[in-house]
Amino acid sequence: MNSTLRFIIYVLPLLLCSALAMITSIIVGLTGHFFYWLLFDSFGRAGKRANRKIKWTNNQLNDEYYVIIVGTGFSGIGTAVRLNRLGMSNYILFERDAHVGGTWYANQYPGCACDVPSNLYSFSFEPNPNWSYYFSRQPEIRQYLEHCADKYRVRPHIRFNTTVTQLKWIEDQQLWQVTTESNNQEKVYYSRSVVLGTGPLSNAAYPTDIDGIEKFEGEMCHTAKWNKNTDFRNKRVAVVGTGASAIQVVPEVQKMGVKQLLVFQRTPPWIVPRIDRRLTDWEKNILKRFPIIQKLIRAMIYWGSESIALSFVYRWPLRIIDHQLARYNLNREVKDPLLRKKVTPTWDLGCKRTLLTNDWYSTIQKPNVKLVTNRIREVKAHSIVTYDGDEYPVDIIIWSTGFQVQTFPLPVYGIDGHALSDEWSNTIQAYRGVTVPSFPNLYILLGPNTGLGHNSVVIMIESQINYIAEAFFHMDRYNLRSVEIKRDVHVQFNKEIQSKLKKTVWQSGKCRSWYQDSQGNNTAIWPDFTWLYVLLMNKFDYENYIARK
């Protein structure tokens with residue numbers, strides 16, 4: 001059977017079913033969105049809520065703030081914008097780097113891009129009609145955040161090159177003591193509330209089960225700490241890892257005139273094509289003149305993406321269709337049976353992060369690229385040795401081994417000196433991903449179980465910022481000094497989350513991933529539609545908190 005006939009008979013019906021599910025999700029979603037607007041946001045009600053102000057006066061002492069924000073990525077900048085709208089100017093942001101952007105400043109490796117469409121991976125209040133591609137590249141996302149920091153007057157509140165080294169709750173003052181370090185000098189600040197916008201993808205992770213890494217005498221870098229001065233020409237390069245960063249950086253490094261490129265793979269990922277293209281000036285002008293069109297596009301992308309939850313979360317038969325389409329893409333791209341076996345995952349699509357790329361399979365089949373599937377045993381001065389005894393000479397090692405998702409490096413001490421590291425010693429948990437018992441007025445953005453495997457995390461961030469703002473309104477109205485989530489509420493919420501996760505692809509898809517901790521608990525993913533989380537975070541459930549005046 002020729003490829004055209006096979007496509008028509010087997011693949012086209014699968015594509016049509018998948019498209020039908022997505023179109024249905026868009027229609028149902030837009031309809032529900034309209035009725036929600038009609039019932040709750042029409043006739044100026046949304047604008048009236050957005051224009052509410054906090055009545056707290058800005059008469060604090062030096063180095064004492066209402067809010068201290070850690071980080072200037074989407075979480076930090078978004079929180080600061082909301083504080084400005086609340087009329088609360090007595091806040092400060094600490095950023096350890098010299099620029100705005102968070103992970104989108106730190107990750108500057110070649111090929112770095114977002115795997116969520118640009119119109120959705122941006123703030124709802126600041127649409128950008130000037131995206132160059134359907135999927136944004138790292139430099140443009142960073143520029144977008146710089147633009148937001150300037151437009152919404154956030155930059156004057158930022159202290160760059162400043163690392164927060166400790167957070168400590170001072171009970172008798174009902175304040176957070178925030179210790180920072182800048183230019184080798186320590187300084188202490190105080191704040192009513194702290195918002196942690198550091199994000200889970202902020203600290204690079206290196207393998208802990210490979211001996212001799214420190215013995216390597218060639219050049220080394222992590223994709224999250226890219227060295228732009230490295231010369232790859234005629235070098236033997238090793239990339240360790242085949243995750244989201246690796247599938248972007250490997251094709252770019254291969255083009256740099258390397259002598260040999262070794263890709264060390266522990267487990268192969270599921271790959272789906274990235275439907276990407278450069279946007280024309282005509283399209284950009286249309287979006288500038290008619291912003292409503294961009295809002296409609298954003299809504300359609302959002303509701304279309306929500307349909308993926310039917311496969312990943314609710315395990316509808318749609319998952320079989322998506323799985324077969326991903327397998328067809330693999331079989332079409334990789335003709336060699338031996339290589340195809342090496343790059344075929346043994347778990348369900350979505351169990352680990354599904355990766356979007358158009359040039360991964362073609363790159364690993366280049367003459368100067370070799371895929372190594374034996375695990376690394378040790379690193380020597382000029383080589384890498386695998387467990388089967390093979391030794392590979394290398395000049396440069398690129399670690400594409402992800403981030404420290406299951407650890408929290410910042411020391412945080414709550415009521416009675418209770419350490420957050422102790423609170424999270426068994427498993428990382430938070431109420432609605434935002435608050436933790438014994439840590440009053442501490443808010444975590446993109447905290448435990450609020451990451452996504454099917455949609456844009458910016459949706460989650462904005463929902464969490466709204467929840468925090470509602471908490472501030474409640475504290476302002478009743479003249480409260482602090483609010484703390486009740487432990488029984490926190491425990492019950494997380495018990496329900498873990499119970500629901502067991503039925504999702506992330507727990508039942510026959511894989512282990514960075515979503516899970518050492519005990520197998522999924523501490524990363526929100527196990528449902530994002531619109532349910534948005535509704536959940538619309539109001540501050542003060543009855544579930546301990547309030548203190």
Would you call [X] and [Y] a side-chain contact if the rule is heavy atoms closer than 4.5 Å?
{"X": "Q365", "Y": "V334", "value": "yes"}
{"X": "I459", "Y": "Y533", "value": "no"}
{"X": "T344", "Y": "P268", "value": "no"}
{"X": "N455", "Y": "I308", "value": "no"}
{"X": "S118", "Y": "E140", "value": "no"}
{"X": "C148", "Y": "I77", "value": "yes"}
{"X": "F439", "Y": "V194", "value": "no"}
{"X": "L196", "Y": "F408", "value": "yes"}

* Check against salt bridge (charged side-chain N to carboxylate O under 4.0 Å, His left out), K342 and D336 -> CA-CA 10 Å; K342 290 181 178 180; D336 178 23; over 6 Å; no
For residues 214-222, please give each side-chain donor-acceptor pair under 3.5 Å, one per line with the distance, not counting sequence neighbours.
| residue | atom | partner | partner atom | Å |
| --- | --- | --- | --- | --- |
| E217 | OE1 | H382 | NE2 | 3.2 |
| E219 | OE1 | T230 | OG1 | 3.2 |
| H222 | ND1 | A224 | N | 3.0 |
| H222 | NE2 | A205 | O | 3.1 |
| H222 | NE2 | G402 | O | 3.2 |

Can you tell me if [X] uses its side chain to pair, donor with acceptor, with the backbone of [Y] under 3.5 Å?
{"X": "S425", "Y": "D422", "value": "yes"}
{"X": "W226", "Y": "N107", "value": "no"}
{"X": "N522", "Y": "A524", "value": "yes"}
{"X": "R142", "Y": "W104", "value": "no"}
{"X": "H157", "Y": "Y91", "value": "yes"}
{"X": "E95", "Y": "T72", "value": "yes"}
{"X": "Q248", "Y": "A113", "value": "yes"}
{"X": "Q177", "Y": "Y189", "value": "no"}
{"X": "Q464", "Y": "L446", "value": "yes"}
{"X": "S18", "Y": "L14", "value": "no"}

* Can you label the angle between the F493 ring and the W526 ring as parallel, tilted or perpendicular, going by 30° and 60°? => parallel
* Asked: Where do D528 and Y314 land on the side-chain hydrogen bond (donor to acceptor under 3.5 Å, both in side chains) test, with the steps shown first?
  -> CA-CA 8 Å; D528 218 320; Y314 292 96; 2.6 Å; yes
* **Closest heavy-atom pair and its distance - P200, V405** => O-CG2, 3.9 Å
* Work out which heavy atom in P527 is nearest to a heavy atom in L501; give both atom names and the distance. => CB-CD2, 3.6 Å
Are [X] and [Y] within salt-bridge range, i.e. N to O under 4.0 Å?
{"X": "D115", "Y": "R274", "result": "no"}
{"X": "D395", "Y": "K259", "result": "no"}
{"X": "K366", "Y": "D359", "result": "no"}

Does a donor on one side chain sit under 3.5 Å from an acceptor on the other, for [X] and [Y]?
{"X": "Y431", "Y": "N494", "result": "no"}
{"X": "E186", "Y": "T179", "result": "no"}
{"X": "D517", "Y": "T523", "result": "no"}
{"X": "E423", "Y": "Q429", "result": "no"}
{"X": "Q260", "Y": "K370", "result": "no"}

* **Pair Y144 + W131: ring centers closer than 6.0 Å** => yes
* Asked: Do F123 and F74 have ring centroids that are under 6.0 Å from one another?
  -> yes
* To do: Would you please test R327 and W270 for side-chain contact (heavy atoms from CB on, under 4.5 Å) and show each step?
  => CA-CA 8 Å; R327 182 174 290 276; W270 277 113; 4.1 Å; yes
* To the nearest 0.5 Å, how far apart are OG in S508 and NZ in K502? -> 12.0 Å
* Nearest 0.5 Å, what's the OG-NE2 distance between S438 and H490? -> 9.5 Å
Quiz: residues 372-379 side-chain donor-acceptor pairs under 3.5 angstrom, not counting sequence neighbours:
| residue | atom | partner | partner atom | Å |
| --- | --- | --- | --- | --- |
| N374 | ND2 | D388 | OD2 | 2.4 |
| R375 | NH2 | D209 | OD2 | 2.9 |

* Structure fact -> With T180 as partner, the option from V188, T165, T162 fulfilling side chain to side chain contact (heavy atoms under 4.5 Å, CB included) is T162
